[in-house]
Amino acid sequence: MIQIAPSILSADFSKISDAVKIAEESGADLIHVDVMDGHFVPNLTFGPQLVASLRKKTSLPLDVHLMVDNPRSFIPLFAKAGADWISIHVEASVHLHKDITLIKEYDKKAGLALNPATPLPLMNEILEELDFVLLMTVNPGWGGQEFIQSCHSKISQLRSWIREQKLEIPIQIDGGVSLSNMEELIKDGADILVVGSAVFGEKNPREAITKMKKLAEKTGQP
Ligand code: DX5
Ligand code: ZN
């Protein structure tokens, strides 16, 4: 089943819990929470307190995407705040195996994120340990950017690689996803689609999520 993960980065920050409610009522599968530290990416967003508050507002899994330097120091804070899925960037982690293991010690789903220009083989030695892979399809930092077209072949390569190794690791796609490219992404091998501006930038976010869920169900059927 293809999952839709609305990103609250594109929501009105003064009404985040309303955005989460809309997502949940419209059939979203996860809530994607973009954490930015002003170092790894030149923007600042949410801290663990927000995750703790949202934890009380929704039963959907909270998918925390850490776009931060030194992710190791943040993993315990977000895990204790109620994150369910935590992804860290390969470009930001010095001791990757140790950091992925730490996420799992908190009994959370551990994901590894790669920027668009980061080669897939950097995951070679850690792939088996991962609960999911997050492929960035824009340069991280902001919502509303255009999908980088060269990422299509990267998604298919990763899908074949996972299949060849007889692993079952979902691929999450983050950046520039919309109704117009999601069918192609699913055909490339995507399992989880993060969607920010194509949901919360629309006049009717409920309708946007409902349409995406329907299209995902249709396209994702074997
Ligand atoms: C970008 C973030 C994304 C962002 C995607 O750095 O990681 O999760 O919310 O937004 P859209 O869907 O607008 O590209
Ligand atoms: Zn993200």
Side-chain angles (χ1 to χ4, degrees), residues 2-13 16 19-20 22-23 26 28-47 50-51 54 60-69 71 74 78 83-93 103 108-118 131-152 154-155 170-186 190-203 205 208-209 211-213 215-216:
I2 307 298
Q3 296 188 306
I4 303 291
S7 164
I8 54 170
L9 181 65
S10 295
D12 178 341
F13 279 18
I16 287 182
V20 169
I22 287 171
S26 313
D29 299 284
L30 299 168
I31 300 295
H32 187 80
V33 182
D34 286 306
V35 175
M36 304 186 187
D37 67 348
H39 294 275
F40 181 70
V41 289
N43 195 2
L44 283 168
T45 55
F46 313 122
L50 180 91
V51 170
L54 292 183
L60 287 182
L62 296 173
D63 165 32
V64 173
H65 176 192
L66 292 180
M67 284 164 278
V68 301
D69 278 338
F74 290 98
F78 283 95
D84 300 283
W85 298 32
I86 299 178
S87 55
I88 59 171
H89 269 261
V90 65
E91 304 86 1
S93 168
I103 298 174
K108 309 297 180 183
K109 281 195 192 290
L112 187 60
L114 273 76
N115 283 337
T118 301
D131 295 311
F132 66 107
V133 175
L134 185 164
L135 290 186
M136 287 299 313
T137 44
V138 297
N139 289 298
W142 282 272
Q145 302 180 76
E146 202 174 316
F147 182 90
I148 298 172
Q149 292 301 326
S150 60
C151 294
H152 280 297
K154 193 175 180 187
I155 302 167
I171 303 176
Q172 185 179 61
I173 302 301
D174 189 5
V177 178
S178 68
L179 261 177
S180 59
N181 64 6
M182 55 182 285
E183 281 177 282
E184 201 178 350
L185 293 170
I186 294 168
D191 301 285
I192 305 155
L193 300 172
V194 175
V195 200
S197 51
V199 166
F200 295 115
E202 291 292 313
K203 270 201 191 113
I209 296 174
K211 279 187 184 166
M212 284 176 184
K213 279 297 291 179
L215 188 56

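Any value given below was found using the heavy atoms of this structure, including those in side chains, with hydrogens, waters and symmetry copies removed. Just so you know, ligand 1 is whichever comes first in the structure, and atom 1 is the first atom listed for that ligand. What you see is a predicted model; the values in this text were computed from it and never measured.
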Fill in the blank from the handout: closest protein heavy atom to atom 5 (C) of ligand 1 is D174 OD1, 3.5 Å
Exercise for the section: Can you sort out which atoms of ligand 1 are near M36, meaning under 4.0 Å from one of its heavy atoms? Expected result: 6 (O)
Exercise for the section: Could you find the nearest protein heavy atom to atom 12 (O) of ligand 1 and give me its residue, atom name and distance? Expected result: G196 N, 2.8 Å
Completion exercise
For P140, the ligand 1 atoms with a heavy-atom partner under 4.0 Å come out as 6 (O)
Exercise for the section: Would you confirm whether the ring centroid of F13 sits within less than 6.0 angstrom of the ring centroid of F46? Expected result: yes
Exercise for the section: Give a yes/no verdict on whether any heavy atom in F147 is under 4.0 Å from an atom of ligand 1. Expected result: no
Problem - atom 6 (O) of ligand 1 [closest protein heavy-atom partner, distance rounded to 0.1 Å] - result: G141 N, 2.8 Å
Problem - H32: numbered ligand 1 atoms lying under 4.0 Å from its heavy atoms - result: 8 (O)
Completion exercise
In ligand 1, the atoms that come under 4.0 Å of a heavy atom of M136 are 7 (O)
Problem - Close side-chain approach of H39 to V68, heavy-atom, < 4.5 Å - result: no
Problem - atom 1 (C) of ligand 1: nearest protein contact (heavy atom, Å) - result: W142 O, 3.5 Å
Practice task
Would you please classify the geometry between the H65 ring and the H32 ring as parallel, tilted or perpendicular, with 30° and 60° separating the classes?
Solution key: tilted
Handout entry: M67 N/O under 3.5 Å from ligand 1 N/O
Key = no
Problem - Heavy-atom nearest neighbour in the protein, as seen from atom 14 (O) of ligand 1, with distance rounded to 0.1 Å - result: G176 N, 2.8 Å
Practice task
Provide, to 0.1 Å, the distance between atom 10 (O) of ligand 1 and the closest protein heavy atom, together with that atom's residue and name.
Solution key: G143 CA, 3.5 Å
Exercise for the section: Quick one: look up the protein heavy atom nearest atom 13 (O) of ligand 1 and list residue, atom name and how far away it is. Expected result: S197 OG, 2.6 Å
Problem - L66 side chain reached by S87 side chain, heavy atoms, under 4.5 Å - result: no
Handout entry: Separation between CG of L193 and NZ of K213, rounded to the nearest 0.5 Å
Key = 10.0 Å
Fill in the blank from the handout: Ignoring waters, protein N/O/S atoms under 2.8 Å from the Zn ion (ligand 2) are H32 NE2, D34 OD1, H65 ND1, D174 OD2
Exercise for the section: Output the list of atoms in ligand 1 that are nearer than 4.0 Å to some heavy atom of H65, sorted by atom number. Expected result: 7 (O)
Practice task
Please determine, by modelled atom types, if D34 and S7 share a side-chain donor-acceptor pair under 3.5 angstrom.
Solution key: yes
Completion exercise
The closest protein heavy-atom partner of atom 4 (C) of ligand 1 is D34 OD2, 3.7 Å
Handout entry: Check: H89 and L114 side chains under 4.5 Å, non-hydrogen atoms
Key = no
Problem - Polar contact flag for S7 and ligand 1 (N/O pairs, less than 3.5 Å) - result: yes
Problem - Element-labelled atoms of ligand 1 that are located less than 4.0 Å from some non-hydrogen atom of V194 - result: 8 (O)
Practice task
Taking the side chain as every heavy atom from C-beta outward, state whether H152 and L185 have any atom pair closer than 4.5 Å.
Solution key: yes
Problem - Interatomic distance, T137 atom OG1 to Q149 atom CD [nearest 0.5 angstrom] - result: 10.0 Å
Practice task
For the residue pair V64 and W85, establish whether any side-chain heavy-atom pair is separated by less than 4.5 Å.
Solution key: no
Completion exercise
Rounded to the nearest 0.5 angstrom, the OG-CH2 distance for S197 and W142 is 14.5 Å
Problem - Non-hydrogen atom of G175 closer than 4.0 Å to ligand 1 - result: yes
Practice task
Could you grab the distance from atom CG of L135 to atom CD1 of I148, nearest 0.5 Å is fine?
Solution key: 11.5 Å
Practice task
Run through I171, L112, D191, D63 and flag the one making a side-chain contact (heavy atoms from CB on, under 4.5 Å) with F132.
Solution key: D63
Handout entry: Side chain to side chain, P6 and V195, heavy atoms closer than 4.5 Å
Key = no
Practice task
Would you mind listing which atoms of ligand 1 come within a distance below 4.0 Å of any non-hydrogen atom of L9?
Solution key: 4 (C), 9 (O)
Problem - I8 and L54, any side-chain heavy atoms less than 4.5 Å apart - result: yes
